[in-house]
Amino acid sequence: MGRNPLENTRMRRRTLLLSLPLAPLAVGGPVLAQAPETDTDAEARPPGYPVSLAQMQQLVAQRFPRRYPVQGLFDLDLRTPRLHLLPAQNRLRADMAVEAAGPALHRRHQGSFDVDFALRYEASDRTLRAHQLRLARLDFPTLPSGVTDMIRLYAPTLAEQALREVVVHELRPADLAAVDAMGMQPGPITVTEHGLVVGLVPKPL
């Protein structure tokens with residue numbers, strides 16, 4: 001007896017899951033220049049759609065520099081973040097140079113500001129976005145301690161304003177055409193030593 005349509009769909013999905021290590025070739029995603037991947041690297045990387053650190057850095061840079069006022073006393077100018085991979089935590093870190101200047105300060109002060117964050121997939125526009133932000137470090141060596149304490153209180157809000165829902169990658173329609181035709185969709189996002197891997201999971205039947 002032949003299989004019913006539902007069983008055929010499940011069989012196709014199982015076959016695709018077994019072939020997921022080839023998924024990056026199937027979706028045709030862009031890959032920027034990067035160090036050649038060894039056989040060991042390929043085996044360690046989970047199956048799915050790969051995104052390089054260089055791709056993410058290029059897109060995030062389009063949103064910076066940015067300026068944020070602090071209670072009308074001075075402004076904080078955030079430079080372009082440098083992204084770092086945190087595979088052990090399945091998160092990314094953004095290191096930013098910050099400059100504080102304004103009426104309440106006698107001169108410009110240089111500092112640094114680090115935030116780490118998780119990632120989520122937004123299906124409405126096919127983007128990978130920052131969320132679950134966490135302030136990792138804030139340092140202004142030349143600022144008076146009272147001003148530094150004020151900035152430290154404001155820092156979580158600043159992190160939310162600067163990086164909340166920042167897009168780190170956007171998948172093209174062509175990237176998803178093949179997996180969509182097979183009844184798959186983007187799923188969990190894994191941070192690896194080389195970048196991200198967007199897992200592919202079956203769409204609800």
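Note that the numbering runs from 1 along the sequence shown for the chain.
- Contact check for Gln132 versus Arg91: side-chain heavy atoms found under the 4.5 Å cut-off.
- For the atom pair CE of Met184 and NZ of Lys203, the computed distance is 10.5 Å after rounding to the nearest 0.5 Å.
- Taking all atoms of both residues into account, the shortest heavy-atom contact from Pro65 to Arg79 is CB-NH1, 4.0 Å.
- At least one side-chain heavy atom of Val201 sits less than 4.5 Å from a side-chain heavy atom of Gln185.
- When atom types are taken as modelled, the side chain of Asp125 and the backbone of Glu170 share no donor-acceptor pair closer than 3.5 angstrom.
- The distance from the CZ atom of Phe140 to the CG atom of Leu105 is 9.0 Å, given to the nearest 0.5 Å.
- Of all heavy-atom pairs spanning Ala100 and Leu76, the tightest one is CB-CD2, 3.6 Å.
- Residues Val166 and Leu83 fall within the same hydrophobic cluster, defined by Ile, Leu, Val, Met, Phe, Trp and Tyr side chains chained together at heavy-atom separations under 4.5 Å.
- Remark: side-chain polar atoms of Asp175 are paired, donor with acceptor, to backbone N or O of Arg172 under 3.5 angstrom.
- Between His169 atom NE2 and Gln55 atom CD the span is 5.0 Å, to the nearest 0.5 Å.
- The shortest side-chain heavy-atom distance between Tyr49 and Leu176 does not fall under the 4.5 Å cut-off.
- A distance of 4.5 Å separates NE2 of His109 from CZ of Arg107, quoted to the nearest 0.5 Å.
- Linking ILVMFWY residues whenever their side-chain heavy atoms come closer than 4.5 Å, directly or via other members, leaves Val167 and Val60 in distinct clusters.
- Of the possible donor and acceptor atoms, none in the side chain of Arg66 sits under 3.5 Å from a partner among the backbone N and O of Leu78.
- Between Met96 and Phe64 the shortest side-chain heavy-atom distance falls below 4.5 Å.
- With a 4.5 Å cut-off on side-chain heavy atoms, Asp77 and Arg108 count as touching.
- Smallest separation of non-hydrogen atoms from Leu85 and His194: CD1-C, 3.7 Å.
- Here the CG atom belonging to Asn90 is positioned 8.5 Å from the CD1 atom belonging to Ile189, to the nearest 0.5 angstrom.
- Within a 6.0 Å sphere centred on CZ of Arg164, other residues, nucleotides and ligands contribute 12 heavy atoms or fewer.
- Taking both residues in full, the closest heavy atoms of Pro69 and Asp75 are given as CA-OD1, 3.3 Å, listed atom of the first, atom of the second, then distance.
- Leu59 and Tyr121 fall into different hydrophobic clusters, where Ile, Leu, Val, Met, Phe, Trp and Tyr residues are linked whenever their side-chain heavy atoms come under 4.5 Å apart, directly or through other members.
- In this structure, the side chain of Tyr68 engages the main chain of Gln161 through a donor-acceptor pair within 3.5 Å.
- Remark: the backbone N or O of Ser112 is not paired with any side-chain donor or acceptor of Arg137 at under 3.5 angstrom.
- Checked by atom type and distance alone, the side chain of Gln57 pairs as donor or acceptor with a backbone atom of Pro81 at under 3.5 Å.
- Val198 and Pro186 get closest at one heavy-atom pair: CG1-CB, 3.7 Å.
- Here the CG atom belonging to Leu153 is positioned 11.0 Å from the OG1 atom belonging to Thr148, to the nearest 0.5 angstrom.
- Leu143 has its side chain out of reach of Phe74: every pair of non-hydrogen atoms, C-beta onward, lies at least 4.5 Å apart.
- Test Leu53, Asp116, Leu86, Leu119 against Leu92 for side-chain contact (heavy atoms from CB on, under 4.5 Å) and you get one pass: Leu119.
- The cluster map of Ile, Leu, Val, Met, Phe, Trp and Tyr, joined by side-chain heavy atoms under 4.5 Å apart, puts Leu133 and Leu135 in the same cluster.
- No donor-acceptor pair under 3.5 Å is formed between the side chain of Asp114 and the backbone N or O of Asp95.
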